[in-house]
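Just below is one structure, and these are the notes that go with it.
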Amino acid sequence: MTLAAQLKLAAEQTLHKLFPEIDFPANIVTVNQTKPEFPGDYTIVLFPFLKLLRQKPDTLGILIGDHLVAHSSIVSSYQIVSGFLNLAVKDSVWFAFLQNQFNNPHFGEIPRQDNRVMVEYSSPNTNKPLHFGHLRNIFLGFATGEILKATGQQVVKANLVNDRGIHICKSMIAWKRYANGATPQSEGIKGDHLVGDYYVKFNDVYKHEVAEGVSKGMTQEEAEKNAPIMKEAQEMLRQWEAGDPETRTLWQTMNAWVYDGFKVSYCRLGVDFDKWYYESDTYLLGKKIVEEGLKKEVLFKKSDGSVWIDLTTDGLDEKLLLRGDGTSVYITQDLGTAKLKFDEFKLAQSIYVIADEQNYHMQVLKLILKKMNEPCADGIFHLSYGMVELPSGRMKSREGTVVDADDMMDEMVRLAKEQTEQAGKTEGFTTDELTKLYETIGMGALKFYLLRVDPKKKMIFDPKESIDLHGFTATFIQYAHARICSILRKENCPLMPDSSRFQSLTLSQNILPAEKKLFVSLEQYPSVLLTAAEEYNPSALCNYCFQLAQQFNSFYDEHSISKAENEEKKHLRLMLIIMTASVLRHAMQLCGIRMPEKM
RNA sequence: GGUCCGGUAGCUCAGUUGGAUAGAGCAUCAGCCUUCUAAGCUGAGGGUCAUUGGUUCGAAUCCAAUCCGGAUCACCA
């Protein structure tokens, strides 16, 4: 239990003991961290009790405070300031906490439980490379999965690849028309980029052909319908669905190029998947569910044979589930995939990391499954995040205005290199070590930039302004970590020393304010981690780590560790910074961000 | 128009189940390297928490209305 929770419990017990005749409502006691300008560590607000007990704040505060000091094992003293009861926690409590946890590499984690959770993320299309917007999805999904793992869930990370459909045929037809057999090898570029180039090419040609049609007297709509390249793409889709060998072979070849490219990107991003789904396998799923829905009369058929569900009583519309010709639409296969996931892995929960533009779709998906009494319905959770936009508006891959993910990674690593060299911090590294360091700093900055904001808020990224390496950044946290490692190296102390190293240490001196701040923050890590898990919000960890690193930097500036006032202080501080580094490493690792030992 | 999300310092964002004088970073200005890494630290300026009303000991936080911005409401995916 966290200290704050212990204090809350102690205060509740105190109230019941002091006023046995009063029936207190649940959660009447609020425990907050004491503001820095007041003495004490945690604060109990007295106002809620005053009316109930007909007491004045000072009188009541003394009663509770005295009782806590006398009977609780953690409160050393108290002070009442205008209705707030400020409690000081015994130094011995902080010290015991530090001794127990300072070298616990699993501090904050929750033991493994039985329920299994799937996190579906990334889920790219195979007609273009990953862009900056995908990165937010990928980091968010990966970090959420890792955070859930750390809090005891059994996580299945899944990637549902959109590998079929008209948009895939567009790149295929443009390649067929214009590539002259070009391959990633012949062009010397990544396969996903090559295919993406032909997707852009398709749209250029399409636009051109539409304009031509209009100039020949067609309406815009006619011209769009009759553009030769679009007709060819549609024909190609029909051939694909019919299983035409030549089309299938081209499809497989080009998709394989894309997968090779994605593999390189995913590897560099440091993310992985336990399960891959392909829409070419799943796009026919869901029809069975629709049939059952008709039997259960949850769905209805219109005269043209199309199948619908009426969601108007839920404030939504009627939604189509099968076309008149019996073919399925997007949501049909999603119904089937939802069930497939659930049956295959016996999921307690199925999380979809998808941008907020699909809020309505996900709401409908869950609602339909619920109306059909599918057991998977309740476990579906849409982790909705805001889109990343450019100052000029949304990124459009069709128009080639996207910030490419691979380019962005290169740019960040280049920036890390430039700034490291500028700061003159390259001494004492081998070339290989420097390469690795630049990657660690550049990728860390990129991930932190995208994870530090509340997922549901949309972001605007200006490519003209590079991502900062100062202030509220991964670099700042990495720097604090590297400083700690540097001290430990000089003290010949490992990052995770054996407990015996500080066993003889006893506490005889007061904990100083700058030390106390670290104690308080470290003790709160488990509850921060739990919040991040419960709210599917990695930004909680980013904020926490930044604050912890900041507190360390102030501490570092104010007090010497190696040349502490005496041995006791030195050892105490070593334990403190060992644990600080350990917690920073732990939390950032969950976000996929590495902490260098030297920078 | 319906539904949903957002609006906090010049910019980017924190702000816990309502709690003390609303906090960081960037940018601006002023200090701090002979001492464990200055990618750092200390300080200053900068606010009608979109607006109005309500709930109460207390509201950025809860409720209602309004304004502004965005997403979505396809026999597309």
Side-chain angles (χ1 to χ4, degrees), chain A residues 4 27 30 32-35 37-38 43-48 50-51 57 81-84 86 125 162 164-168 279 283 302 304-308 314-317 319-325 327-331 333-334 355-361 363-364 384 386-387 389 394 416 419-420 422-423 425 441 449 452-454 456-462 465 468-473 475-480 482-491 527-528 531 535 539-540 542-543 546-547 549-550 552-564 573 577 598-599:
Chain A
N27 283 328
T30 56
N32 301 314
Q33 207 178 319
T34 305
K35 300 259 167 200
E37 54 269 37
F38 301 103
T43 295
I44 289 169
V45 188
L46 296 171
F47 296 109
L50 301 182
K51 229 185 222 171
V81 184
S82 58
F84 295 89
N86 298 321
N125 296 339
N162 190 327
R164 62 160 286 281
I166 188 71
H167 50 298
I168 309 297
E279 279 199 15
Y283 81 109
K302 287 195 177 173
D304 65 352
S306 58
V307 179
W308 298 74
D314 300 276
L316 306 173
D317 305 306
K319 188 84 188 170
L320 176 90
L321 294 185
L322 279 183
R323 296 189 182 100
D325 62 7
T327 57
S328 49
V329 289
Y330 183 52
I331 198 152
Q333 60 173 298
D334 270 359
D356 59 9
E357 61 181 350
Q358 294 202 39
N359 284 354
Y360 179 77
H361 174 79
Q363 194 189 348
V364 168
S384 166
M387 313 259 284
E389 296 180 6
R394 286 172 72 160
Q419 300 215 7
T420 305
Q422 249 171 38
K425 301 208 173 209
I441 295 172
Y449 180 83
R452 67 183 192 179
V453 184
D454 186 331
K456 65 174 175 282
K457 294 198 175 179
K458 76 169 184 193
M459 305 182 65
I460 294 171
F461 172 69
D462 188 347
E465 295 168 14
D468 211 329
L469 300 183
H470 300 271
F472 185 28
T473 63
T475 317
F476 182 94
I477 297 163
Q478 289 169 330
Y479 184 62
R483 276 175 143 181
I484 292 174
C485 293
S486 170
I487 297 168
L488 295 179
R489 266 197 304 277
K490 290 190 179 161
E491 294 297 327
S527 71
V528 172
T531 306
E535 296 177 357
S539 78
C542 295
N543 282 297
F546 176 65
Q547 183 201 296
Q550 216 172 20
F552 165 76
N553 279 330
S554 298
F555 169 76
Y556 174 93
D557 195 64
E558 193 174 337
H559 302 291
S560 178
I561 292 138
S562 301
K563 293 176 187 160
R573 288 173 190 168
I577 65 168
K598 217 167 92 179
M599 67 187 278

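Residue numbers begin at 1 in each chain, while the letters A, B, ... track the order of the sequences. What you see is a predicted model, and the numbers here were worked out from it, not measured in a lab.
Within 4.0 Å of A/Thr531, counting heavy atoms only, lies no atom of the nucleic acid at all. Within the nucleic acid shown, A/Lys51 comes within 4.0 Å of sugar-phosphate atoms alone, with no base atom in reach, counting heavy atoms only. A/Gln550 comes within 4.0 angstrom of the backbone, heavy atoms only, and of no base. Residue-level contact check: A/Phe546 touches the backbone only, with heavy atoms under 4.0 Å from sugar-phosphate atoms and none from bases. Note on A/Phe476: only backbone sugar-phosphate atoms sit closer than 4.0 angstrom, heavy atoms only; bases stay farther off. Using a 4.0 Å heavy-atom cutoff across all strands shown, A/Asn125 reaches no nucleic acid atom at all. Residue A/Val45 is classed as a base contact, given a heavy-atom separation below 4.0 Å to a base. Using a 4.0 Å heavy-atom distance criterion, A/Lys563 is classed as a sugar-phosphate-only contact. At the heavy-atom level, A/Asn27 lies nowhere under 4.0 Å from the strands shown. At the heavy-atom level, A/Gln363 lies nowhere under 4.0 Å from the strands shown. Within 4.0 Å (heavy atoms only), A/Ser554 reaches sugar-phosphate atoms of the nucleic acid but no base atom. Among the protein residues, A/Thr327 comes within range of no part of the nucleic acid, since none of its heavy atoms lies under 4.0 Å from any strand. Contact annotation for A/Tyr360: backbone-only contact, meaning every heavy-atom pair under 4.0 Å involves sugar-phosphate atoms and none involves a base. Counting any heavy atom pair closer than 4.0 Å across all strands shown, A/Leu322 reaches no nucleic acid atom.
Residue A/Arg452 comes nearest to A/Ser539 through the heavy atom pair O-CB, 3.3 Å, listed as atom of the first residue, atom of the second, then distance. Here the closest non-hydrogen pair linking A/Asn86 and A/Phe38 is ND2-CB, 3.9 Å.
Between A/His470 and B/rC26 there is no side-chain N or O to OP1 or OP2 distance below 4.0 Å.
Annotation: cation-pi pair A/Arg483/A/Tyr556 present, NZ/CZ under 6.0 Å from the ring centroid and within 45° of its normal.
When the nucleotides B/rA14, B/rG19, B/rC75 are ranked by their closest atom to the side chain of A/Phe84, B/rG19 comes out on top. Nearest to the side-chain atoms of A/Lys35 among the listed nucleotides B/rC75, B/rG6, B/rA20 stands B/rA20. Candidate nucleotides B/rU17, B/rC13, B/rC36 were compared by shortest atom distance to the side chain of A/Ser562, and B/rC36 ranks first. Checking B/rA77, B/rA38, B/rA20 against every side-chain atom of A/Tyr479, the shortest atom distance belongs to B/rA38. Out of B/rC76, B/rG19, B/rG40, the shortest distance to the side chain of A/Asn553 is found at B/rG40. In this structure, the nucleotide among B/rC36, B/rU17, B/rA20 sitting nearest to the side chain of A/Ser486 is B/rC36. Closest to the side chain of A/Asp557, out of B/rA14, B/rG40, B/rU37, is B/rG40. Taking every side-chain heavy atom of A/Asp304 into account, B/rC75 is the closest of B/rA39, B/rC41, B/rC75. Taking only side-chain atoms of A/Gln333, from C-beta outward, the nucleotide of B/rG7, B/rA77, B/rA20 with the closest atom is B/rA77.
Base pairing of B/rU3: its partner is B/rA71, meeting the Watson-Crick or G-U wobble criterion (both donor-acceptor distances under 3.5 Å). The partner of B/rG31 is B/rC41, judged by Watson-Crick or G-U wobble contacts that both fall below 3.5 Å. Pair assignment for B/rC26 gives B/rG10, based on Watson-Crick or G-U wobble hydrogen-bonding distances that are each under 3.5 Å.
A stacked arrangement is not assigned to A/Phe472 and the six-membered base ring of B/rA24, the conditions of a centre distance below 5.5 Å and an interplanar angle below 30° not being jointly met. Using a 5.5 Å limit on the distance between ring centres and a 30° limit on the angle between planes, the aromatic ring of A/Phe47 counts as stacked on the six-membered base ring of B/rG19.
Nucleotide B/rC33 is shown with a syn base, its glycosidic torsion being within 90° of 0.
Note on A/Glu357 versus A/Arg394: salt bridge recorded, some NZ/NE/NH1/NH2 to OD/OE distance being below 4.0 Å.
The aromatic rings of A/Phe461 and A/Tyr449 stand perpendicular to each other, their planes meeting at an angle above 60°, with 30° marking the opposite boundary.
Spacing of P atoms, B/rG54 relative to B/rA14, comes out at 31 Å, to the nearest Å.
Between the side chains of A/Ser384 and A/Asn359, at least one donor N or O lies within less than 3.5 Å of an accepting N or O.
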